[in-house]
Trainee: 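I have a structure here, written as structure tokens, and I will follow up with some questions on it.
A quick note: this is a predicted structure, and the numbers were derived from the prediction, not measured. No hydrogens, no waters, no symmetry mates; every other heavy atom, side chains included, goes into these values.
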Amino acid sequence: MDEKAPCQPNRKLIGAIIVVGCAVLGVVAALTWPRPPQESTPVPGQAQQQPGITIQQPVLKHMEKGQLAWQAQLGELHIAAGGQMLEAKGLEEAIIYSQAGEPLVRVTADQITGQTGRRDFEVSGNVRVVSYQAAIITTDKLRWNQEQQLLSCPDTVEVKTKQAIIITSGLDYFVAQDLVRCPGQVTMYAGENTVVGSNLEYNVATGNFRLEKIQMVFHAEEAKKKLKELRPQ
């Protein structure tokens, strides 16, 4: 009996050491075990920035055969990851040039988008085009086709010139030819007359036009009111 008595405290001590050791290992494992990354909670009203590069106040230029074809002064440019898609906020000014290097039109808008390596672009939001032939175009969306020298307005558009005001939906403006084409219905205020028709071809430089399915509506007061907008304030 005396020989077995000292062994009991040793067993209890060993058992206590094992329990403490397991507890320590559990704490270490809990602290060091890899955890899944926590998703950041978006702040209400804060826009999520897409992956890519953002540049402030850049100037984009496109050259054709050594000549400046168009250039755009931007408020902010974002280049998406991969470098293919361009998106800019605040198109302060874009100028489109002729093949001889002369300015043809000036464009302003809220936003411009395009792709790197391509010559065309699209603008949207409060679009305003001023031709150096004194034509003013206002719309909400516009596409520029460099090869055809074409401004396309797919939505409702208004054109003001020295001779007339044109209101339609869907308009093509071939800037090198100063030619406007509107395939749909057109309302044109000219002089004291209101002319309604379709399939309009209008020369911005001369004021000459061709219009099909014409209805001549003589609303002198309405026409005068509209044409007052052409006069400088």
Trainee: Evaluate Glu102 against Tyr132 for side-chain contact (heavy atoms from CB on, under 4.5 Å), listing each step before the verdict.
Mentor: CA-CA 10 Å; Glu102 299 175 350; Tyr132 286 83; over 6 Å; no

Trainee: Kindly give the heavy-atom pair with the smallest separation between Leu151 and Trp144, and that separation in Å.
Mentor: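 Taking Leu151 first and Trp144 second, the nearest heavy atoms are CD2-CE3, 3.4 Å.
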
Trainee: Quick one: does any side-chain atom of Thr139 pair with a main-chain N or O of Thr156 as donor and acceptor, under 3.5 Å?
Mentor: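 Side chain of Thr139 to backbone of Thr156, a donor-acceptor pair under 3.5 Å: yes, one is there.
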
Trainee: So Val195 and Ile214, side-chain contact (heavy atoms from CB on, under 4.5 Å) or not? Walk me through it.
Mentor: CA-CA 7 Å; Val195 185; Ile214 299 176; 3.7 Å; yes

Trainee: Counting N and O atoms only, with roles assigned by atom type, does the side chain of Asn203 sit under 3.5 Å from a partner on the main chain of Ala205, one being a donor and the other an acceptor?
Mentor: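 Indeed, once roles are kept as given, a pair shorter than 3.5 Å links the two residues.
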
Trainee: How far apart are the C-alpha atoms of Ser152 and Asp172, what are their side-chain angles, what is the distance that settles it, and do they pass the side chain to side chain donor-acceptor pair (under 3.5 Å) test?
Mentor: CA-CA 5 Å; Ser152 294; Asp172 290 336; 3.1 Å; yes

Trainee: Any heavy-atom pair between the side chains of Cys153 and Lys141 that's under 4.5 Å?
Mentor: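 A side-chain contact is absent here, since even the closest heavy-atom pair is not under 4.5 Å.
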
Trainee: Side-chain heavy atoms nearer than 4.5 Å, only ILVMFWY residues, links allowed to pass through others: does that put Leu150 and Tyr173 together?
Mentor: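 Unlinked, Leu150 and Tyr173 end up in two clusters.
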
Trainee: Roughly how far apart are Phe121 CZ and Ile96 CD1, rounded to 0.5 Å?
Mentor: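 Output value for this atom pair is 4.5 Å.
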
Trainee: Any non-hydrogen side-chain atom of Ile95 less than 4.5 Å from a side-chain atom of Val105?
Mentor: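 When only atoms from C-beta onward are counted, Val105 and Ile95 do not touch, as no gap falls below 4.5 Å.
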
Trainee: Between CG of Leu200 and CD of Glu212, what distance do you get to the nearest 0.5 Å?
Mentor: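 Reported value, rounded in 0.5 Å steps: 10.0 Å.
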
Trainee: Identify the two heavy atoms, one from Pro183 and one from Ser198, that lie closest to each other, and give their separation to 0.1 Å.
Mentor: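 In terms of heavy atoms, the two residues are closest at O-CB, 4.3 Å.
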
Trainee: To the closest 0.5 Å, what do you measure between OH (Tyr202) and CG (Leu211)?
Mentor: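 The OH atom of Tyr202 sits 12.0 Å away from the CG atom of Leu211.
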
Trainee: Table please: side-chain donor-acceptor pairs of residues 61-69 below 3.5 Å, with sequence neighbours left out.
Mentor:
from: His62; atom 1: NE2; to: Glu64; atom 2: OE2; distance (Å): 2.6
from: Glu64; atom 1: OE1; to: Arg119; atom 2: NH1; distance (Å): 3.4
from: Glu64; atom 1: OE2; to: Arg119; atom 2: NH1; distance (Å): 3.1

Trainee: How about CD on Gln56, more than 12 heavy atoms from neighbouring residues, nucleotides or ligands closer than 6.0 Å, or not?
Mentor: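 Check passes, neighbour count above 12.
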
Trainee: Does Thr168 reach the main-chain N or O of Gln185 with its side chain, forming a donor-acceptor pair under 3.5 Å?
Mentor: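 Yes.
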
Trainee: Where do Val157 and Ile137 land on the side-chain contact (heavy atoms from CB on, under 4.5 Å) test, with the steps shown first?
Mentor: CA-CA 7 Å; Val157 60; Ile137 300 173; 3.5 Å; yes

Trainee: Using a 4.5 Å cut-off on heavy atoms from C-beta on, say whether the side chain of Leu91 contacts that of Leu74.
Mentor: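 Yes, their side chains come closer than 4.5 Å.
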
Trainee: Between CG of Asn126 and OG1 of Thr108, what distance do you get to the nearest 0.5 Å?
Mentor: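 Between atom CG of Asn126 and atom OG1 of Thr108 there are 8.5 Å.
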
Trainee: What heavy-atom pair brings Gln163 and Val204 nearest, and what distance separates the two atoms?
Mentor: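 For Gln163 versus Val204, the nearest heavy atoms are OE1-O, 4.3 Å.
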
Trainee: Taking the side chain as every heavy atom from C-beta outward, state whether Gln149 and Phe174 have any atom pair closer than 4.5 Å.
Mentor: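 Not touching, per the 4.5 Å side-chain cut-off.
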
Trainee: Determine, stepwise, if the pair Val129 / Ile136 fulfils side-chain contact (heavy atoms from CB on, under 4.5 Å).
Mentor: CA-CA 6 Å; Val129 180; Ile136 300 174; over 6 Å; no

Trainee: Should Leu104 and Val123 be regarded as members of a common hydrophobic cluster, given that ILVMFWY residues are connected when their side-chain heavy atoms come within less than 4.5 Å of each other, either directly or indirectly?
Mentor: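 Shared cluster, yes.
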
Trainee: What distance do Phe209 atom CZ and Ile166 atom CD1 have between them, rounded to the nearest 0.5 Å?
Mentor: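 Answer rounded to 0.5 Å: 9.0 Å.
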
Trainee: Just how far is it from atom CG of Asp110 to atom CZ of Arg128, taken to the nearest 0.5 Å?
Mentor: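 One gets 13.5 Å once the value is rounded to the nearest 0.5 Å.
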
Trainee: For the hydrophobic clusters of this structure (ILVMFWY residues joined by side-chain heavy atoms under 4.5 Å, transitively), does one cluster hold both Ile165 and Val130?
Mentor: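 Ile165 does not cluster with Val130.
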
